[in-house]
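Since the structure comes first, as structure tokens, the remarks are kept for the end.
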Number of protein chains: 2
Amino acid sequence: MRTIETTALVRYTDEKGLADALRGADALFLYDFLSTALRRAWPAADRLRWVHIASAGVDPVMFPELRESDVVLTNSRGVFDDSIAEYILGVIIAFAKDLPRSLELQRRHRWQHRETERVAGRRALVVGTGPIGRAVARMLRAVGMAVSGAGRRAADGDPDFGEVHASAELAAHLPGYDYVIAVAPLTEQTKGMFDAAAFAAMAPGARFVNVGRGELVVTADLMAGLRAGRPAAAALDVFETEPLPSDSPLWTMPNVLISPHMSGDFAGWRDTLVEVFAENFRRWHSGEPLLNVVDKQLGYVPSGQ
Amino acid sequence: MRTIETTALVRYTDEKGLADALRGADALFLYDFLSTALRRAWPAADRLRWVHIASAGVDPVMFPELRESDVVLTNSRGVFDDSIAEYILGVIIAFAKDLPRSLELQRRHRWQHRETERVAGRRALVVGTGPIGRAVARMLRAVGMAVSGAGRRAADGDPDFGEVHASAELAAHLPGYDYVIAVAPLTEQTKGMFDAAAFAAMAPGARFVNVGRGELVVTADLMAGLRAGRPAAAALDVFETEPLPSDSPLWTMPNVLISPHMSGDFAGWRDTLVEVFAENFRRWHSGEPLLNVVDKQLGYVPSGQ
């Protein structure tokens with residue numbers, strides 16, 4: 001932020017001071033990316049032209065006043081892609097090699113040989129065809145998995161996915177996959193897309209991974225599905241309510257792996273996020289086109305940008 | 001085994017009946033591959049010409065009487081390679097993404113965000129340049145790790161490893177790696193190669209993975225090393241004594257992942273092992289050269305075969 005301080009007056013604030021800080025400000029770097037404070041402070045934004053958010057998902061700022069304003073919104077697309085892809089591959093192998101059970105047996109000093117699964121050859125559906133989904137697809141292909149995508153529009157011959165199914169027809173395609181991986185942005189269209197019908201359509205033994213947003217999933221339907229064996233297991237990094245309440249049944253459900261919204265957060269991510277903002281600030285200050293401009297109607301950065 | 005029964009008289013036996021079954025037998029398929037029964041039954045082998053073992057490691061049958069005999073020894077090289085590579089990648093990602101800690105926090109219903117590590121860019125040394133080591137190297141490279149090998153002879157420009165260090169100079173090279181992975185066969189030369197000096201030479205934070213044989217490691221030195229932080233962590237699938245005794249301190253050491261000699265044992269491995277033997281039996285019966293002939297002086301199948 002040093003370079004920025006030489007060319008701009010920088011105000012640092014928390015949620016409480018946001019309205020005061022916004023007054024007269026041209027640009028906002030929203031570092032607390034899950035905060036809903038911006039909507040409350042919005043009436044104070046009297047000359048705001050640009051908001052940059054320190055995350056890939058922009059759903060927390062997709063409130064009507066910002067959406068319908070002329071304020072440009074940019075995100076931190078790209079920072080988390082490869083780290084999230086590694087995390088997803090890690091939970092897939094953990095399931096295949098029965099690692100949680102090995103740890104449980106280790107606690108009991110029990111030597112109990114089991115047969116494990118191969119990862120190569122298994123079929124994965126990556127729901128979300130943005131840069132995170134693409135990084136995931138490349139990673140899973142690299143270890144020999146058969147990968148397809150699901151996105152807004154169906155496509156063939158995609159360089160990362162091969163076949164892309166239309167998310168609107170998701171249920172028809174779900175039976176064909178061993179792993180279903182949710183990395184879609186949260187929009188009006190994707191909210192609750194993983195519901196009872198989706199889980200019922202999954203193949204026996206299929207596992208579900210969610211690193212997108214908790215609200216992609218109808219949590220009650222997921223829990224009912226897990227009890228019925230579809231999905232057979234789930235790795236969840238995001239939740240409808242975060243932090244996940246300590247009395248949530250998800251904590252203790254068998255075959256559920258829970259992590260606290262950290263799949264992309266590799267050591268150094270904070271510096272990288274600041275670098276992304278600093279580059280966009282340089283562009284903004286010198287009148288160049290900004291990177292990662294969100295289409296506020298779609299709710300994400302369209303591909304090809 | 002059906003096809004074999006049409007062309008040969010097949011006797012099935014356990015350890016107890018081995019001597020009786022060996023008498024008059026031309027070939028032995030040793031399915032219980034960790035058994036030491038063959039040495040005790042050896043005097044009964046009055047016309048044995050071929051032993052096939054249902055494993056990659058042949059150390060349990062490297063006793064002098066077999067070694068110095070004319071009996072041909074073949075192994076099941078190739079069956080486990082890719083499954084073991086997946087397992088190794090899995091434990092590497094589990095360490096990088098702090099998965100065991102996530103599971104521990106999950107048991108306590110605790111939401112505790114941490115920063116994780118990237119896997120791409122980390123340096124791995126694969127000790128053992130046979131087919132398992134090569135499969136591991138290809139897998140780790142596929143996810144962006146920087147991989148070298150260590151084997152009997154130093155080499156440059158190896159297709160899988162790039163650089164191969166001589167195992168005799170291992171300690172000089174160990175400081176350069178974040179992950180040290182033991183997949184070497186157990187021979188006179190490799191026995192105890194991971195000793196106090198080796199662990200002391202590892203980089204701070206380096207992690208050790210052993211899927212080769214427990215006897216590659218001086219277990220007391222490994223435990224002392226873990227207490228001193230070098231290695232910083234270990235994933236162990238094989239042990240000097242198996243099953244690992246329930247009072248072994250390894251079960252409860254922090255940063256140690258224990259699995260019960262199962263890293264290669266994917267569902268279907270038994271059928272695949274029988275197929276490998278059946279193919280070699282077909283060759284043996286029709287006078288064709290056998291696959292996977294062990295060099296009994298080296299203690300493994302030399303590469304290029």
Side-chain angles (χ1 to χ4, degrees), chain A residues 82-83 85-120 139 141-144 237 239 242-248 250-252 256-270, chain B residues 82-83 85-120 139 141-144 237 239 242-248 250-252 256-270:
Chain A
D82 294 328
S83 191
E86 291 174 351
Y87 171 91
I88 289 173
L89 178 58
V91 296
I92 286 174
I93 304 182
F95 282 132
K97 305 303 177 187
D98 209 18
L99 184 60
R101 175 92 176 130
S102 287
L103 288 164
E104 188 192 323
L105 290 165
Q106 181 175 346
R107 283 202 309 280
R108 296 155 55 195
H109 300 209
R110 281 200 55 197
W111 182 274
Q112 189 179 302
H113 181 276
R114 290 100 64 209
E115 293 188 345
T116 63
E117 294 172 16
R118 291 297 312 274
V119 172
M139 177 75 79
R141 276 174 193 268
V143 300
D237 189 55
F239 303 87
E242 293 181 10
L244 183 65
S246 66
D247 62 354
S248 167
L250 284 171
W251 288 110
T252 48
V256 172
L257 302 186
I258 287 176
S259 53
H261 202 145
M262 60 185 249
S263 73
D265 301 347
F266 60 95
W269 65 304
R270 293 171 194 277
Chain B
D82 293 329
S83 190
E86 291 174 351
Y87 171 90
I88 289 173
L89 178 58
V91 295
I92 287 174
I93 304 182
F95 281 133
K97 305 303 177 186
D98 209 18
L99 185 59
R101 176 94 176 128
S102 288
L103 287 164
E104 187 192 323
L105 290 165
Q106 181 175 346
R107 283 203 309 281
R108 295 155 55 196
H109 300 210
R110 281 200 55 197
W111 181 274
Q112 190 178 302
H113 182 275
R114 292 97 65 208
E115 293 188 345
T116 63
E117 294 172 15
R118 290 298 312 275
V119 173
M139 178 75 78
R141 276 174 193 267
V143 301
D237 189 55
F239 303 88
E242 295 183 9
L244 183 65
S246 65
D247 62 353
S248 167
L250 283 172
W251 289 108
T252 49
V256 172
L257 302 186
I258 288 176
S259 53
H261 202 145
M262 61 184 250
S263 74
D265 301 347
F266 60 95
W269 65 303
R270 294 172 194 276

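Just so you know, these numbers come straight off a predicted model, no measurement behind them. Reminder, nothing fancy here: chain letters follow the sequence lines and each chain counts from 1.
The structure places OG of B/Ser259 at 13.5 Å from CZ of A/Arg101, a figure rounded to the nearest 0.5 Å. Summarising the geometry, atom CZ belonging to B/Arg107 is positioned 8.5 Å from atom CG belonging to A/Leu103; distances are rounded to the nearest 0.5 Å. Atom CD1 of B/Ile93 and atom CG of A/Leu89 lie 4.0 Å apart (nearest 0.5 Å). Atoms CE and CG, from A/Met262 and B/Asp98 in turn, are 5.5 Å apart once rounded to the nearest 0.5 Å. Between the CZ atom in A/Arg110 and the CH2 atom in B/Trp251 there is a gap of 9.5 Å [rounded to 0.5 Å].
Across A/Gln106, A/Gln112, A/Arg114, a single residue satisfies side chain to side chain contact (heavy atoms under 4.5 Å, CB included) together with B/Pro260, and that is A/Arg114.
Taking every heavy atom of both residues into account, B/His109 and A/Thr252 meet most closely at NE2-CG2, 3.3 Å. Here the shortest heavy-atom pairing between B/Ala267 and A/Glu115 reads CA-OE1, 3.5 Å.
Between chain A and the residues B/Arg118, B/Arg270, B/His261, the largest count of heavy-atom pairs under 4.5 Å involves B/Arg118. The residue among A/Met139, A/Glu242, A/Glu117 with the most heavy atom pairs within less than 4.5 Å of chain B is A/Glu242. Most heavy-atom pairs under 4.5 Å with chain A, from the set B/Pro243, B/Gly268, B/Ser263: that is B/Pro243. Most heavy-atom pairs under 4.5 Å with chain B, from the set A/Ser246, A/Pro245, A/Ala85, A/Ala96: that is A/Ser246.
Side-chain polar atoms of B/Ser83 and A/Lys97 form a donor-acceptor pair below 3.5 angstrom.
Contact annotation for A/Leu99: only side-chain heavy atoms (C-beta onward) come within less than 4.5 Å of a heavy atom of chain B. For B/Arg141, no part sits under 4.5 Å from any heavy atom of chain A, backbone or side chain.
Using a 30° and 60° split on the angle between ring planes, A/Trp111 and B/Phe239 fall in the perpendicular class, above 60°.
You'll find the side chain of A/Glu86 stays beyond 4.5 Å of the side chain of B/Val143, heavy atoms only.
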